[in-house]
> 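One structure follows; several queries about it will come next.
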Amino acid sequence: MRLVTAKPFGEVTTKGKNQAKESAKILNCQSGQFNVDKISDLPEDLLVHILTLLPTTNDIVATSGVSKRWKSLWKKVHKLRFNDQIYHGKKYESFLHFVEKALVLHKAPTLVSLRLSVGPKCTADDIGLWIKLALDRNICELIIKHYSDHGHIRLSRRLCDSKTLVSLKLKNAILGAICLPACFSSLRTLHLRYAKYSGDEFVRNLISSCPSLQNLVVKRHNEDNVKRFVIVVRYLKSLTVYLSPLHDVADSDAYVLNTPNLKYLNIKDHYTDLCSFEDMPYLDEANLDVAFTDTEKFFESLTSVKKLSLCLKKSEAQYPEGIIFSQLVHLELCTCDDSKWLNLLAKLLRDSPKLRVLKLNDKNHDFVSKYCTCSWNQQPSYVPQCLTENLEIFEWRNYKATFKERDVAVYILKNSTCLKKSVISPKFKLSGEICDHHIIRDDLASMFMGSSSCELKLD
């Protein structure tokens, strides 16, 4: 670790003192009495809470110059936030000294939260020292953010064992130096944003070392050194996975999920082909924008979901026969794949008897293809139960206004006897070669609807 030589901690600049006193003067101003220090008469717990609302620990420490009572008040603040960008153009050693002394002098019974936003000058040894000091103070939440335009920062081996850490959020970090198996027995929230790992097995062991984990967010890039991303956590309730490739092709093969108590699932990944999901009987909501090819087991694991948003990028996606989405009440389906989405819609309508909200949306912002291949040939042989008994809201955003899509809208509007609200809004970029928006709009406006109480809005 580098040696730090700086001025004694607690020395606040004249400008900082003047700003702090001016702020206090404004707060104390009442009925023209400018010299009465009323805010300092507040209970200490309330003053400490007020200090936690300031943006950085530098601002908090600056208040020590307001009055004698405020001199040591900052030491009891239980949330500390440091950002080395405010030291731009100054000696970086002064920032290192400031962080170290702030942690050493901290007197709150528990350090609830420590947030470190650092750049390329910060080393693994610096981070390691701060982590040690934080762990010694029974830290609950640790956030380490390394600026993306300066690559990644390697975390210290010190971050391997904590009985008090409840939340750990890392961005642009290299985790290979963390000793495994570790033990994060109390960790409930883990955010891994654009991290680098030492391989597949490291990821599996890291996540398995968090037996109490309930909330996991993973934002990936194709240089994270992981091909098979395995997540096995018994009590996990919320999972978000996002793959953002840095190049044209992502180096990711598969996801393996064994999360039997999951309630919320959010995956956006257009590059990983394979998935292996175990049953998720308690799943309430799933948002899936994926390119999985072998999707039969994937659909089977979603049958308990109540709210589903779905965009499948691969036309060869398989849908198993005989499944029922018995709890599904809210469905959002992307219509960007002209060749397959209608077939999928027909099956989902057939297999979702309790569906109350149906939303269609084309998330592709290009012009409508001249060779649109969609057709309504796959409409159910009988009117689905959800249309005759439950569907109340039907929205279609980025409607392409083709005659084939008109047939879909007519079918739904004509057969939905409980419909209360319907909104159909076209794409902004429409090609006159394949559609006539005004003709189709007039057709929909004049058609007979299955529900006499439905409010139809055509944009």
Side-chain angles (χ1 to χ4, degrees), residues 1-24 47-48 50-108 110-137 139 141-159 169-174 177:
M1 185 182 71
R2 72 183 75 176
L3 295 176
V4 175
T5 57
K7 296 180 180 180
F9 181 77
E11 185 174 311
V12 183
T13 64
T14 303
K15 182 179 179 181
K17 289 182 178 180
N18 292 337
Q19 289 177 340
K21 290 181 179 179
E22 186 64 25
S23 300
L47 291 177
V48 171
I50 293 173
L51 290 180
T52 63
L53 302 178
L54 295 177
T56 69
T57 301
N58 297 67
D59 300 309
I60 295 174
V61 173
T63 63
S64 62
V66 172
S67 67
K68 184 177 180 180
R69 187 186 180 192
W70 289 70
K71 185 175 182 179
S72 299
L73 200 61
W74 70 269
K75 299 177 183 179
K76 300 181 181 180
V77 174
H78 53 269
K79 294 183 179 181
L80 302 180
R81 295 178 289 271
F82 302 98
N83 189 333
D84 69 0
Q85 283 194 330
I86 66 175
Y87 281 79
H88 180 70
K90 302 179 182 179
K91 289 184 177 180
Y92 197 72
E93 285 75 11
S94 59
F95 172 74
L96 301 177
H97 180 81
F98 181 81
V99 177
E100 179 182 346
K101 287 300 182 180
L103 290 170
V104 169
L105 296 175
H106 184 261
K107 293 183 178 180
T110 299
L111 181 56
V112 173
S113 177
L114 172 62
R115 181 185 182 97
L116 300 168
S117 300
V118 296
K121 294 184 179 180
C122 186
T123 68
D125 288 337
D126 299 327
I127 291 288
L129 174 61
W130 301 336
I131 290 176
K132 178 184 181 303
L133 293 172
L135 292 176
D136 290 343
R137 282 150 184 79
I139 188 171
E141 179 185 55
L142 176 61
I143 303 172
I144 301 176
K145 174 184 175 182
H146 192 257
Y147 302 121
S148 58
D149 54 343
H150 296 297
H152 292 69
I153 186 169
R154 186 176 299 276
L155 293 189
S156 167
R157 295 176 180 270
R158 299 179 188 273
L159 186 62
K169 300 178 181 180
L170 307 174
K171 183 176 181 180
N172 296 317
I174 300 175

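All heavy atoms count here, side chains included; hydrogens, waters and symmetry mates do not. No experiment lies behind these values; they were computed from the predicted model shown.
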> Please list, chain by chain and in numerical order, all residues satisfying side-chain hydrogen bond (donor to acceptor under 3.5 Å, both in side chains) with K71, sequence neighbours excluded.
none
> If you take all heavy atoms of H152 and I174, which pair is closest and at what distance?
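So the two residues come closest at CB-CG1, 3.6 Å.
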> Checking Y92 against F95 for the ring-ring contact (aromatic ring centres under 6.0 Å, His included) test, could you report, in this order, the C-alpha distance in whole Å, the side-chain angles of both residues, the deciding distance, and whether it holds?
CA-CA 5 Å; Y92 197 72; F95 172 74; 5.4 Å; yes
> Identify, with sequence neighbours excluded, every residue that meets side-chain hydrogen bond (donor to acceptor under 3.5 Å, both in side chains) alongside K76.
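If we apply the side-chain hydrogen bond (donor to acceptor under 3.5 Å, both in side chains) test to K76, skipping adjacent residues, the hits are E44.
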> My understanding is that only residues two or more places apart in sequence, or in another chain, count here; which of them pass side-chain hydrogen bond (donor to acceptor under 3.5 Å, both in side chains) with S72?
none
> Are side-chain heavy atoms of F82 and V118 found at a separation under 4.5 Å?
no
> Quick one: side chain to side chain contact (heavy atoms under 4.5 Å, CB included) partners of S113, sequence neighbours excluded?
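Once residues adjacent in sequence are excluded, the partners of S113 under the side chain to side chain contact (heavy atoms under 4.5 Å, CB included) criterion are K79, E141.
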> Please find the pair of heavy atoms, one from W130 and one from E100, that lie closest to each other, and give the distance.
NE1-N, 4.0 Å
> Between A102 and L80, which heavy-atom pair has the shortest distance, and what is it?
O-CD1, 4.5 Å
> Under the rule for side chain to side chain contact (heavy atoms under 4.5 Å, CB included), what residues qualify as partners of L54, not counting sequence neighbours?
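Here the qualifying residues are L51, D59, I60, T63.
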> Could you work out, with side chain to side chain contact (heavy atoms under 4.5 Å, CB included) as the rule, every residue matching R137, not counting sequence neighbours?
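Residues passing side chain to side chain contact (heavy atoms under 4.5 Å, CB included) with R137: H106, L111, L133.
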> Could you list the residues that satisfy side-chain hydrogen bond (donor to acceptor under 3.5 Å, both in side chains) with N172, not counting sequence neighbours?
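For N172 there are no side-chain hydrogen bond (donor to acceptor under 3.5 Å, both in side chains) partners, ignoring immediate neighbours.
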> For L114 and L116, what are the C-alpha separation, side-chain angles and deciding distance, and is it a side-chain contact (heavy atoms from CB on, under 4.5 Å)?
CA-CA 7 Å; L114 172 62; L116 300 168; 4.1 Å; yes
